[in-house]
Engineer: 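Sharing a structure here in structure tokens format.
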2 protein chains.
Amino acid sequence: MSSFRAQKMAKKKQEILRSAAAVLVEKGYQGTTMEEIAAKLLMTKGSMYYYFKNKDDLLYQCHLMIMEICLDGIEKVIESDRNPIDKLRSAIKEHILLATSEKSMFMALSKPNLNFSEEQLQEVLELRKSYSQYFDRIIQEGIDKQVFDRVEVKMVRLIILGSLNWIQEWYDQNGPQSAEEISDAYADYLLKMVM
Amino acid sequence: MSSFRAQKMAKKKQEILRSAAAVLVEKGYQGTTMEEIAAKLLMTKGSMYYYFKNKDDLLYQCHLMIMEICLDGIEKVIESDRNPIDKLRSAIKEHILLATSEKSMFMALSKPNLNFSEEQLQEVLELRKSYSQYFDRIIQEGIDKQVFDRVEVKMVRLIILGSLNWIQEWYDQNGPQSAEEISDAYADYLLKMVM
DNA sequence: AATAATTTTAAACATACGTTCAAAAAATAA
DNA sequence: TTATTTTTTGAACGTATGTTTAAAATTATT
């Protein structure tokens, strides 16, 4: 069966995507080189082209992978049967823990319009929209159940996600506060905004 | 007197810095080319080197210029004799209006550690620290005067500035809400967090 | 073990961009 | 106007990096 080979190829692709994400976070889109992505895996840049059509394709798929991880996280939260307060708290914590521990891949999400084709951009924006809407749903549910104030959902969501996404700008693995502590504090203060 | 020439040179430098800021916002650090900076002013890239030593120097000074504008804004707020609520509200609004109307130069501030020399980096971090400390002072003043809750100053400041800085990621001149409306809403919700 | 399929390599190529420079153009001064 | 100084130009150069490719190395198959 050829699925063994296919599996092996898929695994390698995954490794490359993870390496790319790590470099992306550190260096930004333009600063990410094929050579550096390859070097992290002890390969040469040429072999990247056996797995991906070109740099844009690679970074686009990297983008998708990250978005899917995020979406998986929040979907679990949404589907749980907890109250809106716990859901929003969990969503915030989940986002921060992903953005800090998973090699802070979120930076890769910045300004996709600059680098992607129209088609790719649409897909990315669609996924982002889904992610935002999950937050909106949680907030709206809180309002409907009268545990949250009657806030403007979109504005509050923009504030919350903005503050979360900015963490990758200053977060340091070796800093004084752990991601866990940060996420707890963020959840506390951001919840105050809606209650 | 040679001050006429010097003045003219300074003016040209300013124009170049503004052009650089505009490109920086759109394209990011690595994506900003000397050619594009020059093209916006109907000049050739070669002439940039008559005014600046090199690209790094140009972008560094661009960075400084932006920081100074921001600092001027918040200094005025700090020095006013209003209460902490109004001060924090003003600081938030000021930041958003600068970040959106002044050709949203704030993007240029992202991840300076990747591009600057050690010396330049120290200067930038120093200015950033000053800016942050102004926010901290306002928050602390609010706590001391018992108009704010006893929040963790640093955490709250990180949340506030994070949410503000992220605006440039999605703000659109032609979008449904004006910068004025956005800044009002942000100030309202963020103030809820501390009161 | 021999053959075939696959993955990896290293070098070559193209291009984009930062930088330099000598000459031209423009501005100023005599 | 002529001479001098300042500013701009456009071409040239070097380097970094995305991409291609033919050959080598590795892995799988018979």
Side-chain angles (χ1 to χ4, degrees), chain A residues 1-63 108 112 114-117 120, chain B residues 1-63 108 112 114-117 120:
Chain A
M1 63 193 79
S2 73
S3 94
F4 175 68
R5 287 205 165 279
Q7 239 178 310
K8 211 175 152 191
M9 180 139 198
K11 187 186 167 193
K12 199 80 185 231
K13 277 191 184 178
Q14 278 292 322
E15 282 174 20
I16 294 174
L17 289 178
R18 290 198 159 273
S19 174
V23 181
L24 264 175
V25 172
E26 246 186 288
K27 305 290 177 71
Y29 205 102
Q30 316 274 354
T32 297
T33 68
M34 298 297 273
E35 195 140 29
E36 192 164 356
I37 294 169
K40 285 211 176 219
L41 302 168
L42 302 179
M43 303 170 81
T44 59
K45 62 178 174 176
S47 49
M48 302 289 100
Y49 290 84
Y50 183 73
Y51 297 96
F52 298 92
K53 206 165 89 246
N54 53 40
K55 180 183 174 184
D56 275 356
D57 179 41
L58 199 173
L59 295 190
Y60 169 62
Q61 292 194 225
C62 178
H63 222 90
L114 301 182
N115 311 287
F116 292 144
S117 72
Q120 292 172 327
Chain B
M1 60 192 77
S2 73
S3 95
F4 175 68
R5 290 205 163 279
Q7 238 178 312
K8 211 175 153 192
M9 179 137 202
K11 187 187 169 193
K12 200 80 184 231
K13 276 191 185 179
Q14 277 292 322
E15 281 173 21
I16 295 173
L17 289 178
R18 290 196 160 272
S19 174
V23 181
L24 264 176
V25 171
E26 247 187 287
K27 304 291 176 71
Y29 205 102
Q30 315 273 352
T32 297
T33 69
M34 297 298 274
E35 195 141 29
E36 193 165 354
I37 295 170
K40 286 211 175 218
L41 302 169
L42 303 179
M43 302 171 81
T44 58
K45 61 178 175 176
S47 49
M48 302 290 98
Y49 291 84
Y50 183 72
Y51 296 95
F52 297 93
K53 206 166 88 246
N54 53 38
K55 180 183 174 184
D56 275 356
D57 178 40
L58 200 173
L59 295 190
Y60 169 62
Q61 290 193 226
C62 178
H63 223 93
L114 302 181
N115 312 288
F116 292 144
S117 72
Q120 292 173 326

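Both backbone and side-chain heavy atoms feed into the values below; hydrogens, waters and symmetry mates do not. Quick caveat, the model's predicted, so the values are computed rather than measured. Naming: A, B, ... by sequence-line order, numbering from 1 per chain.
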Engineer: Given atom CG of B/L42 and atom P of D/dT8, what is their separation to the nearest angstrom?
Structural biologist: 12 Å
Engineer: Can you tell me how far CG of B/L24 sits from CZ of B/R18, rounded to the nearest 0.5 angstrom?
Structural biologist: 13.5 Å
Engineer: Report the distance from atom CD of A/Q30 to atom CG of A/L59, rounding to the nearest 0.5 Å.
Structural biologist: 10.0 Å
Engineer: Among residues two or more places apart or on two chains, list those pairs meeting side chain to side chain donor-acceptor pair (under 3.5 Å) that have a residue in residues 34-54 of chain B.
Structural biologist: B/K27-B/E36
Engineer: How long is the line joining CD of B/E15 and C1' of D/dT7, in whole Å?
Structural biologist: 14 Å
Engineer: Has B/S19 got a side-chain atom pairing as donor or acceptor with B/I37's backbone, closer than 3.5 angstrom?
Structural biologist: yes
Engineer: What stems show up for DNA chain D when you take Watson-Crick pairs (N1-N3 plus N6-O4 or O6-N4) and G-U wobbles (N1-O2, O6-N3), both under 3.5 Å, and require three or more consecutive pairs?
Structural biologist: C:1-30 with D:1-30
Engineer: Do A/M43 and A/E15 come close enough that some side-chain heavy atom pair is under 4.5 Å?
Structural biologist: no
Engineer: Starting at atom CD of A/Q30, determine the distance to atom C1' of D/dG18, rounded to an integer number of angstrom.
Structural biologist: 13 Å
Engineer: Strictly below 4.0 Å, heavy-atom distances to any atom of DNA chain D: list the hits from residues 47-54 of chain B, or just say none.
Structural biologist: B/S47, B/Y50, B/Y51
Engineer: Each nucleotide N or O in nucleotides 13-17 of chain D that has a protein N or O under 3.5 Å away: list the pair and distance.
Structural biologist:
none

Engineer: What nucleotide among C/dT8, C/dT7, C/dA27 has an atom nearest to a side-chain atom of B/K8?
Structural biologist: C/dA27
Engineer: State which residues pass ring-ring contact (aromatic ring centres under 6.0 Å, His included) with A/Y60; sequence neighbours excluded, sorted by chain then number.
Structural biologist: A/F116
Engineer: Within this structure, what is the NZ-to-C1' distance between A/K12 and D/dT26, rounded to whole angstrom?
Structural biologist: 11 Å
Engineer: Not counting sequence neighbours, which residues clear side chain to side chain donor-acceptor pair (under 3.5 Å) with A/S117? List them please.
Structural biologist: A/Q120
Engineer: Is B/Q61 close to B/D57 at the side-chain level, that is, under 4.5 Å between some pair of heavy atoms?
Structural biologist: yes
Engineer: What is the distance, to the nearest angstrom, from the CE atom on A/M43 to the C1' atom on D/dA25?
Structural biologist: 14 Å
Engineer: In whole Å, what is the span from the CG atom of A/D56 to the P atom of D/dT19?
Structural biologist: 7 Å
Engineer: Can you check the A/K11 NZ to C/dT7 P distance for me, whole Å?
Structural biologist: 14 Å
Engineer: Determine, step by step, whether A/F52 and A/K13 satisfy the side chain to side chain contact (heavy atoms under 4.5 Å, CB included) criterion, reporting the C-alpha distance in whole Å, the side-chain angles of both residues, the deciding distance to 0.1 Å, and the verdict.
Structural biologist: CA-CA 8 Å; A/F52 298 92; A/K13 277 191 184 178; 3.9 Å; yes
Engineer: Apply the test side chain to side chain contact (heavy atoms under 4.5 Å, CB included) to residues A/L17 and A/L58: give CA-CA distance (whole Å), side-chain angles for both, the deciding distance (0.1 Å), then the verdict.
Structural biologist: CA-CA 7 Å; A/L17 289 178; A/L58 199 173; 4.1 Å; yes
Engineer: Between P on C/dG18 and CG on B/D57, what's the gap in Å once rounded to a whole number?
Structural biologist: 14 Å
